[in-house]
There are 2 protein chains.
Amino acid sequence: MNAMSDLLERLRGRGWRLTAQRRVVAEVLDSGEHVHLTADEVHGRAAARLPEISRATVYNTLGELVSLGEVLEFSADGRAKRYDPNARHAHQHLVCSGCGSIRDVHIAGDPMGALPESESAGYALEGVEMTFRGLCPDCRAKRGA
Amino acid sequence: MNAMSDLLERLRGRGWRLTAQRRVVAEVLDSGEHVHLTADEVHGRAAARLPEISRATVYNTLGELVSLGEVLEFSADGRAKRYDPNARHAHQHLVCSGCGSIRDVHIAGDPMGALPESESAGYALEGVEMTFRGLCPDCRAKRGA
DNA sequence: ATCCTAATCAAGACTTTGTCTAAGTCAATA
DNA sequence: TATTGACTTAGACAAAGTCTTGATTAGGAT
Ligand SMILES: [Mn+2]
Ligand SMILES: [Mn+2]
Ligand SMILES: [Zn+2]
Ligand SMILES: [Zn+2]
């Protein structure tokens with residue numbers, strides 16, 4: 001049983017109606033190779049399998065998956081949001097300031113612990129995200145030349 | 001001599017032509033009370049002083065200030081970018097997941113140090129930003145009721 | 001197997017945020 | 001004061017996302 005049937009199983013368990021559209025969106029996210037897709041990229045890949053799928057449905061489905069905690073949403077560059085199927089293992093992101101490519105990174109320790117009690121100002125803390133920025137080896141070679 | 005005339009001084013030193021439009025944008029950012037404004041909010045406040053200022057000029061001026069390192073740009077919610085005149089002292093942000101309000105916070109230690117050498121994958125690291133999320137006391141009172 | 005209906009979907013108008021272009025204006029220097 | 005290239009304006013344009021409305025359908029009931 002692969003991760004996708006796991007996902008579809010969980011969703012059905014939560015009362016989701018399983019439609020062809022939702023299935024292809026889940027398949028695209030779960031296909032493994034290209035993490036951190038934009039909504040439009042997800043739509044493009046989904047439409048390759050199910051040509052009539054609409055943009056609105058992709059946005060709706062992604063939003064639902066985010067609400068259910070099955071997918072993470074983040075914005076690395078202030079442009080289109082990215083959707084990350086790797087919601088089970090806490091991780092942070094390293095973004096190339098040249099080409100915009102995004103890698104998962106794993107940091108030492110709990111980032112939430114970096115905020116002293118005195119700084120949290122009575123907020124009920126829910127989470128923290130870290131975005132590291134730098135030039136990837138490819139961009140370094142091109143720009144550093 | 002206040003922080004604003006400091007800023008205008010530095011900009012003139014860098015060959016900036018000092019126009020009424022640039023002056024009011026700098027004044028708005030430097031007015032102190034409302035940090036983390038959006039470009040449209042900056043435009044609104046600038047237009048209160050100089051009614052004919054255009055949106056394009058506000059965007060251009062903010063972009064120039066960011067390039068010069070005088071203002072920080074970040075996106076807390078994937079919607080409009082925020083402009084932060086507090087570029088001199090490193091700090092992070094705490095965003096209320098209820099009302100979207102943004103506070104500066106200061107963390108213990110250097111966040112860049114949290115990324116092990118083995119994880120940086122040959123990137124030339126340039127920086128890191130942390131965004132803490134939680135419910136502010138007001139939103140806690142309203143939602144927790 | 002067929003029916004029923006609330007949940008879901010498609011199409012496209014609309015909104016928000018930001019960029020670009022062309023023509024007019026002006027700050028700084030001579 | 002005259003000059004001129006940097007600057008500004010207005011609005012067209014673009015990208016990303018939301019919302020409305022009518023049509024379709026998954027899944028339970030019969
Ligand atoms: Mn990731
Ligand atoms: Mn700040
Ligand atoms: Zn790169
Ligand atoms: Zn709040």
Side-chain angles (χ1 to χ4, degrees), chain A residues 8-28 36-68 70-84 100 102, chain B residues 8-9 11-28 36-68 71-84 100 102:
Chain A
L8 294 178
E9 201 63 35
R10 282 197 303 278
L11 296 176
R12 200 164 16 170
R14 303 212 210 190
W16 249 38
R17 238 161 81 170
L18 198 38
T19 66
Q21 290 85 353
R22 286 171 169 179
R23 202 188 317 263
V24 297
V25 169
E27 282 172 13
V28 166
H36 310 133
L37 298 174
T38 65
D40 257 8
E41 287 166 348
V42 172
H43 178 247
R45 289 161 197 244
R49 304 180 183 220
L50 185 67
E52 69 273 23
I53 191 172
S54 72
R55 286 194 333 122
T57 293
V58 171
Y59 276 103
N60 286 340
T61 303
L62 289 172
E64 289 156 3
L65 289 169
V66 170
S67 291
L68 293 172
E70 298 288 348
V71 166
L72 295 179
E73 181 185 70
F74 68 98
S75 165
D77 59 350
R79 306 199 50 193
K81 287 178 185 166
R82 302 278 167 171
Y83 293 89
D84 186 340
I102 302 168
Chain B
L8 293 178
E9 201 64 37
L11 295 177
R12 199 163 18 172
R14 303 212 208 194
W16 253 37
R17 226 153 91 173
L18 198 38
T19 67
Q21 291 84 352
R22 286 172 168 175
R23 201 188 316 266
V24 298
V25 169
E27 281 172 13
V28 166
H36 310 134
L37 298 174
T38 66
D40 257 9
E41 287 166 349
V42 172
H43 178 246
R45 289 160 196 245
R49 304 182 182 221
L50 185 68
E52 69 273 24
I53 192 173
S54 72
R55 288 196 327 125
T57 293
V58 171
Y59 275 101
N60 286 340
T61 304
L62 289 172
E64 290 156 0
L65 289 169
V66 169
S67 291
L68 293 172
V71 166
L72 294 180
E73 182 184 68
F74 69 98
S75 165
D77 60 350
R79 306 199 49 193
K81 287 179 187 165
R82 302 277 167 174
Y83 294 88
D84 187 341
I102 302 168

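We name chains A, B, ... by the order of the sequence lines, and we start the count at 1 in each one.
Protein atom CG of A:Asn60 is 12 Å distant from nucleotide atom C1' of D:dT20, rounded to whole Å. The CD-P distance, from B:Glu52 to D:dG11, rounds to 15 Å in whole Å. For A:Arg12 and D:dG28, the CZ to P distance is 10 Å, given to the nearest whole Å. Rounded to whole Å, atom C1' of D:dC7 lies 13 Å from atom CG of B:Leu50. We find that NE2 of B:His43 is positioned 12 Å from C1' of D:dT8, with the value rounded to whole Å. The nearest whole Å value for the distance from the CG atom in B:Leu11 to the P atom in D:dA6 is 18 Å. Rounded to whole angstrom, the span from the CH2 atom of A:Trp16 across to the P atom of D:dG27 amounts to 12 Å. Rounded to a whole Å, the OH atom of A:Tyr83 is 12 Å from the P atom of D:dA16.
Between the side chain of B:Arg17 and the base of C:dA28, no donor-acceptor pair under 3.5 Å is found.
Looking at heavy-atom distances under 4.0 Å, B:Thr19 makes contact with sugar-phosphate atoms alone, never a base.
Ring centroid separation for the pair A:His43 and A:Tyr59 does not come in under the 6.0 Å cut-off.
When every heavy atom of A:Ser75 is checked against every heavy atom of B:Ser75, the shortest pair comes out as OG-OG, 4.3 Å. The shortest non-hydrogen separation linking B:Val24 to B:Ala46 is CG2-CB, 4.0 Å.
Side-chain atoms of B:Glu73 and B:Leu65, non-hydrogen and from C-beta on, never get closer than 4.5 Å to each other. For the pair A:Ile102/A:Arg82, a side-chain contact is recorded, criterion being any heavy-atom separation below 4.5 Å from C-beta on. Inter-residue side-chain proximity for B:Arg17 and B:Arg22 is flagged as met; some heavy-atom pair is nearer than 4.5 Å. A 4.5 Å side-chain heavy-atom check between A:Leu18 and A:Leu11 finds every atom pair outside the cut-off.
Dashed line: the shortest gap from a side-chain N or O of A:Gln21 to OP1 or OP2 of D:dT25 is not under 4.0 Å. A:Tyr59 has a side-chain polar atom (N or O) that falls below the 4.0 Å cut-off from OP1 or OP2 of D:dG17. The phosphate of D:dG17 (OP1 or OP2) has no side-chain N or O of A:Arg55 nearer than 4.0 angstrom. Contact annotation: A:Ser54 side-chain N/O to C:dC9 OP1/OP2 distance is not under 4.0 Å.
The residues A:Glu70 and A:Arg14 are annotated as salt-bridged, a charged nitrogen and a carboxylate oxygen being separated by less than 4.0 angstrom.
Contact check of residues 72-82 of chain A against DNA chain D (heavy atom, cut-off under 4.0 Å) returns A:Arg79, A:Ala80, A:Lys81.
The OG1 atom of B:Thr38 sits 9.0 Å away from the OH atom of B:Tyr83 when rounded to the nearest 0.5 Å. Once rounded to the nearest 0.5 Å, the distance linking CG of B:Asp77 with NZ of A:Lys81 reads 7.5 Å.
Nearer the 5' end of DNA chain C, as judged by each residue's closest nucleotide, is the contact made by B:Asp40, out of B:Ala20 and B:Asp40. Along DNA chain C, the nucleotide nearest A:Glu64 and the nucleotide nearest B:Thr38 are compared for position; the residue whose nucleotide lies closer to the 5' end is A:Glu64.
Each of D:dA26, D:dC7, C:dA11 was ranked by its minimum atom distance to the side chain of B:Arg22; first place goes to D:dC7.
Bending across the helix from C:dA1-D:dT30 to C:dA30-D:dT1, expressed as the angle between its end axes from five pairs apiece, amounts to 30° (10° rounding).
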